[in-house]
Amino acid sequence: MKSLKSSVALAVVALAGFGAAAGCAADNCYRALFPCPSPSAVSVASAFCATITASGTTATNYPTRATNACGTTAARYISACQCGPTCSYLTVLGTTSTSTSPQSTSTASACEAPPTSTTSTCEATPTNGNLLSGDFECGVVPWTAQVFEPFTNVYGISVATPGLTNVKSFQTQFLGPNNCATTCTYARITSPVFPVTPGAKYKYTFATWFDGVTRGFVGTKINDRTGRTVSALDYPVSKWRFHHYPFQANATENQVSVFFEWLNVESKLDSITFAPVTAYCGSTPPIGTLPDGEFECGMGAWTQQKPDPAVTAGVVNLAADSLYTNSFPMGDYAWRVVSPGTPDPANQELHVSARVISGVMSVTPGKKYLVYFTSFFSNRTVGSVGVMINNSPIYTRNPNDSAQGVPTYFAPNHILWTAPVGLTSASVKIEALMFGAGTIAIDSVLFVEVNDSVVG
Ligand SMILES: *[C@@H]1O[C@H](CO)[C@@H](O)[C@H](O)[C@H]1NC(C)=O
Ligand SMILES: *[C@@H]1O[C@H](CO)[C@@H](O)[C@H](O)[C@H]1NC(C)=O
Ligand SMILES: *[C@@H]1O[C@H](CO)[C@@H](O)[C@H](O)[C@H]1NC(C)=O
Ligand SMILES: *[C@@H]1O[C@H](CO)[C@@H](O)[C@H](O)[C@H]1NC(C)=O
């Protein structure tokens, strides 16, 4: 626990000390003035700096939090103001991020890639969203992390291993007795501001991992939008769970920042992406390798088979259909099968009325993959969904599964699959096994390599 606390202290110093321009004094005064983990203090300092002139003659309203370190003569404030603030918009990930993550033993060349790189594991690729470093592979930077008073002695933040994807994740933890009587916000992590296209639709993803603390929740917000919450009670203990939320930028909204807050809970957080939903068209989705998994551009790399001529099947625009208004498909399109009546099994293939088969992806034998998708059932008697990799069945979703919830919602499915010896390519097959009249739909299919030690 001590090492965790000291890692937090290190992170604060490294964040605050970073980015000083040559010729300015990035000293104790600078760090006191611009404590990056506290954006509100940074903004107070920035406002103050705007009032100070080069000669210092107007500077009297020194921020109280800085006077211990800076004193009350103008010169040190002038010097510090010339340096910053730069913390919220860090663009160089190299040395700083290594020092925010003392657990790191590697020199991680990926960390030194410039932000425009398309190969770095530190950030989403520019064509697939502008939110940087959502995988925490190079530490917390450029995110801003805060533990709120008075919890700094009982709550800590760190970079932990493993992540859902790759090696690292962000982690919050209780370090001592939790003295919070009501609902307390312990910590927050805020992304840098990044550009979005006004009017465009986005998909925001992240993964959480809760341990045995069975209360509280992680909240997240996009700009000033109503927050979304992920409750520790709703998810299995010590397992990664993937989440996604839709977002549409309004007509004038051209930038976004997201944040997470921890209320009465500790968790890990990983694999954050924020990309146009159309970025899931084609073979380079923002996360994973499965092409066209959102069906936003139609079938794309998918192939459809429809043994039962009585059903209709295909990619449809659900936004145009009020039946789906509250069912939460991602984006506008999903793959849907509709059976007008009870199917005749003679027309089906082992009860399969229709199926989709993904494009082929490279896999490494022995590596672990998450197969994620959302499923929709019009009612509980319509049938079930089967998943195969190549021709081996790996999973069934029954509409009566508790994880599916009540009918008429797109609900998440998490499947962990390890590529067997000798297998170097994989294709995901999703089948609608229909037993009654009604609708089955599939959306948001992902295929992502995960850390070897991730448990399902
Ligand atoms: C999984 O995480 C561990 C650290 O906990 C790391 O050593 C290992 O390389 C990771 N595996 C993958 C496949 O990223
Ligand atoms: C659009 O979004 C911005 C940023 O969140 C917000 O300030 C503004 O009020 C929104 N405009 C409308 C018309 O909702
Ligand atoms: C789900 O449960 C209902 C009874 O509540 C049953 O009629 C139905 O067949 C079940 N669905 C499947 C796919 O097993
Ligand atoms: C299931 O839904 C279909 C149409 O959506 C309907 O025809 C059928 O009667 C429903 N089944 C039950 C048991 O409600």
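Model, not experiment: these values are computed from the prediction. Whatever order the structure lists ligands and atoms in, that order sets their numbers, starting from 1.
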**Study point:** Check: Tyr186 ring centroid to Phe148 ring centroid under 6.0 Å
**Key:** no
Residues passing the ring pair (Phe, Tyr, Trp, His ring centres under 6.0 Å) test with Phe210, sequence neighbours excluded, are none
Are Phe295 and Trp302, when compared by the centres of their aromatic rings, separated by less than 6.0 Å? yes
Chain-and-number sorted residues having a heavy-atom contact under 4.0 Å with ligand 3 are Arg380, Thr381, Gly383, Asn398, Pro399, Asn400
Separation between CD (Glu294) and OH (Tyr280), nearest 0.5 Å, reads 7.0 Å
Query raised in the report: Can you tell if the side chain of Phe247 reaches within under 4.5 Å of the side chain of Lys201, non-hydrogen atoms only?
Result: no
### Task
Would you indicate whether Leu323, at its atom CG, is surrounded by more than 12 heavy atoms from other residues, nucleotides or ligands within a distance under 6.0 Å?
yes
Ligand 1 atoms nearer than 4.0 angstrom to some heavy atom of Asn451 are 1 (C), 2 (O), 3 (C), 8 (C), 10 (C), 11 (N), 12 (C), 14 (O)
So the atoms of ligand 4 within less than 4.0 Å of a heavy atom of Ala437 turn out to be 1 (C), 2 (O), 3 (C), 7 (O)
inquiry  = Ring-plane angle category for Tyr372 and His244, please: parallel below 30°, perpendicular beyond 60°, tilted otherwise.
reply    = perpendicular
Practice item. Apply side-chain hydrogen bond (donor to acceptor under 3.5 Å, both in side chains) to the pair Asp135 and Asn166, showing each step before the final yes or no. Key: CA-CA 8 Å; Asp135 211 21; Asn166 299 306; 2.7 Å; yes
Is there any N or O on Lys367 that sits under 3.5 Å from an N or O of ligand 1? no
message = Looking only at distances, can you tell me whether any N or O atom of Ser453, backbone or side chain, sits closer than 3.5 Å to an N or O atom of ligand 1?
response = no
Per-atom filter on ligand 1: closer than 4.0 angstrom to a heavy atom of Pro162 are 2 (O), 5 (O)
